[in-house]
Structures are given as structure tokens and as C-alpha cells.
2 protein chains.
Amino acid sequence: MRDFSRSLPMSLLRAREAVMRQFRPSLREHGLTEQQWRILRALAAIEAAEVTELARTAFLLGPSLSRILRDLEARNLIERKTAKADQRRSMVSISKEGVKLMASVAPTSEAIYAEITSRFGARKLAELQEMLGELEQSLAGLGAGNEASAEE
Amino acid sequence: MRDFSRSLPMSLLRAREAVMRQFRPSLREHGLTEQQWRILRALAAIEAAEVTELARTAFLLGPSLSRILRDLEARNLIERKTAKADQRRSMVSISKEGVKLMASVAPTSEAIYAEITSRFGARKLAELQEMLGELEQSLAGLGAGNEASAEE
DNA sequence: GGGAGATACTTAACATGTTAAGTGAATGCG
DNA sequence: CGCATTCACTTAACATGTTAAGTATCTCCC
């Protein structure tokens, strides 16, 4: 079996960790986790979103998102109100405080991203992201849902 | 600010998830998590390893590894004995049962890896891994340890 | 219009990620 | 030697990942 430290999953894991290691300290100073930051960024780009939509955008599973939204709401960084037309759905939006917090984190975050881009090279970065997208595409619909095949 | 869904961390996260989604069901059938599998694979390649060394190889943090080793030991998939020369260190090795379990998982795992390679293309896969390695290298020693700079 | 099934979300339970603190053993140096 | 420091690992505490189950609401079709 292939040396597992050279496997694709490990390569991806190490690369992502190398990147996130740059951001975590700054986020931490502002009392935010990586996932909370993802949610705020996702919300900042839109007026409001349903929870399911937000989960897709921020790439979080429902249960994780539920917990995080509960906490962010308690910290008054987001707001929530149930949709009129469908009582099951709730519309989530970023609060003024949330916007303010984002504004205080964004400069450092941008600077870090710029540094990474500079070190790795903008062109290579674009290439890498292109390949990552293709990888994702090439695996789409493989083991995704319960494709009609086996038990159940 | 850049559309965060197109940011490098998100690209890496989505790509890795697309890959891991393929493996998890099979591992799950054998009662293994991704991390437990990493540890077994790392141990299978060597005689024995210290915990710290294993953490580096399997790319796990100490606390996670401590817990997982405790559980794997309880399931008799690994063995542990303290080093004679240094009572602080413990040598970890895979057990016979562990080897047997690996043998039962490996074929499916190999098949999945082959399918991924085939779908994405072996050459592109090699290129991708090359780029991921370069990314990691270009960020090495940036925000890594407490580089002599700030507080403390 | 009413009940079975689908939907949107939440809770629960367990495993890991992450940082800080704790514990016992080794080391170095005065 | 003695003891402060370092080292290897473990525990603790809290946040998220992951799957299964639960709850309320809505839809659709008879």
C-alpha cells in the first residue's frame, strides 16, 4: 500500500492546515473560530439566508450550524426570524455588531491572504484552485448520496 | 472582500471533503474513523513508534492521539509498552488483530483510491500533489511556532 | 380536509480539533 | 548531589464533525 503520508487525503489535509495555521491566531484574538468566521463572511455577502442555504454556502453540516448559530445569536452577532410563509424556515442575517466585528478582522485577514498569495505565487494559486475545483467535479455524484445500489 | 466560497481554504476544504466522502462509508463499516485508520496505516509501515513521532506521521495533535490510542488499545488493535531507557516515552505498535483489520479494509480502500485516480487522471493527481507540497513548503515557518517576535 | 409523507431544522451522542493545564520522568547545571 | 527546567505524554474544557433520532410544519393526494 502506498506510503500513506503521500496520499491525496494527507496532502490536502496538510496543505489546508498550513494555510489555516496562518489565520487562526488572528481570528482567535477576536474570539472567533474558523467556522464562525465562515458564517459571518457568508452572511455579510447577502441580505439574509435560510439555515439550509447557509449550511451549503459555509460548507457546514446542519448540526454544527445549529449550534454555532445559537452561540452567535447569543453574542448578538447575527439575527434570526422565522419566515412568514413557512414557519419551519428561519431567515438568518448578520447584525450591526457582526458587521463591526467583521470590519475589525478583515484587514488582518486580507493581509494574511495577500502574504500567502505572494509567497506561493498568484498564478500558481489560481492554477491550484482550478485543479481543486476539477477534482471536486470529477468526484461529484460518486459516493455522494445513497445512490440506488446497495442495502436499504 | 473576495467571495469567500472561492477562497483557498474553502477550495481545500471542499476538495478534501469530496475525497474523504468516498472513503468514510467503507471505514465506517469496519468501525473505524478516518483518524483511527491513519494511525493504523502509519503503524503498519513500521515496527513501533513513540507517541510524538506517531502524531507527526499521522498528522494528529497530541491530545487527539492520546484519546484515540486509548480507544484503539482497548479494542486490542494496538499495543503499547513504555521504553526502558526513558520511562516517559511509550512505544506503540500495531497488534495482530490490527493487522488483520487493516487487511480487511485495504482492498476496498485501494479500489476507491484507484477510482479517484482514474476519474481525475493520474498525471493531474501527481501535479496536484506536487502543488500542494509546494504550497505547504512556501508557508513553512511563517505562522508556525512562536517565532521570536511578539509577546512572551 | 385530513392523514401520510416530505421538509427544515434541532437535539443527542460520540469522536476529533484545539488550546491550556497537569503529571511524572529525565536533564542540566550550579 | 539537588533542584529548576525541559520533555513526553495525558487530562481538561470547549468547539466542531458526523450520524441518527426527534420535532414541528408543510404538501400533496385521496
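Lettering of chains follows the sequences in order, A, B, ..., and the numbering in each one begins at 1.
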Flag, side chain of [X] to backbone of [Y], donor-acceptor distance under 3.5 Å:
| X | Y | value |
| --- | --- | --- |
| B:T57 | B:E53 | yes |
| A:R89 | A:V51 | no |
| B:S95 | B:N76 | yes |
| A:Q129 | A:A126 | no |

Inset, instruction - Please indicate whether B:K100 has more than 12 foreign heavy atoms, meaning atoms of other residues, nucleotides or ligands, lying under 6.0 Å from its NZ. - result: no
Report the distance from atom [atom1] of [X] to atom [atom2] of [N], rounded to the nearest whole Å.
| X | N | atom1 | atom2 | result |
| --- | --- | --- | --- | --- |
| B:L27 | C:dA15 | CG | C1' | 14 Å |
| B:R70 | C:dC14 | CZ | P | 13 Å |
| A:L69 | D:dA15 | CG | C1' | 14 Å |
| A:W37 | D:dT16 | CH2 | C1' | 19 Å |
| B:L32 | C:dC14 | CG | P | 18 Å |

Could you pull out the closest heavy-atom pair between [X] and [Y], with the gap in Å?
| X | Y | value |
| --- | --- | --- |
| B:F4 | A:A42 | CE2-CB, 3.6 Å |
| A:A83 | A:Q87 | O-OE1, 3.3 Å |
| A:V19 | B:P9 | CG1-CG, 3.8 Å |

Inset, instruction - Kindly state which residues belonging to residues 71-80 of chain B come within less than 4.0 angstrom of DNA chain D, counting heavy atoms of the residue only, listed by number. - result: B:R80
Legend entry - Nucleic acid contacts of residues 6-15 of chain A, taken as heavy-atom distances under 4.0 Å to DNA chain D: none
Inset, instruction - Check DNA chain C against residues 42-58 of chain A and give the residues with a non-hydrogen atom under 4.0 Å, in numerical order. - result: A:E50, A:V51, A:T52
Inset, instruction - Please list, chain by chain and in numerical order, all residues satisfying side-chain hydrogen bond (donor to acceptor under 3.5 Å, both in side chains) with A:R67, sequence neighbours excluded. - result: A:S64
Legend entry - side-chain hydrogen bond (donor to acceptor under 3.5 Å, both in side chains) partners of B:R6, counting only residues at least two apart: B:D3
Can you tell whether the side chains of [X] and [Y] come within less than 4.0 Å, N to carboxylate O?
| X | Y | value |
| --- | --- | --- |
| B:E17 | B:R24 | yes |
| A:E50 | A:R88 | no |
| B:R119 | B:E115 | yes |

Inset, instruction - Quick one: label A:T33 by what it contacts on the DNA or RNA (base, sugar-phosphate, nothing), any heavy atom closer than 4.0 Å. - result: sugar-phosphate
Legend entry - Summary of protein contacts for nucleotides 17-25 of chain D, nucleotide by nucleotide, where a base hit scores B, a sugar-phosphate-only hit scores S (4.0 Å, heavy atoms): BBBB----B
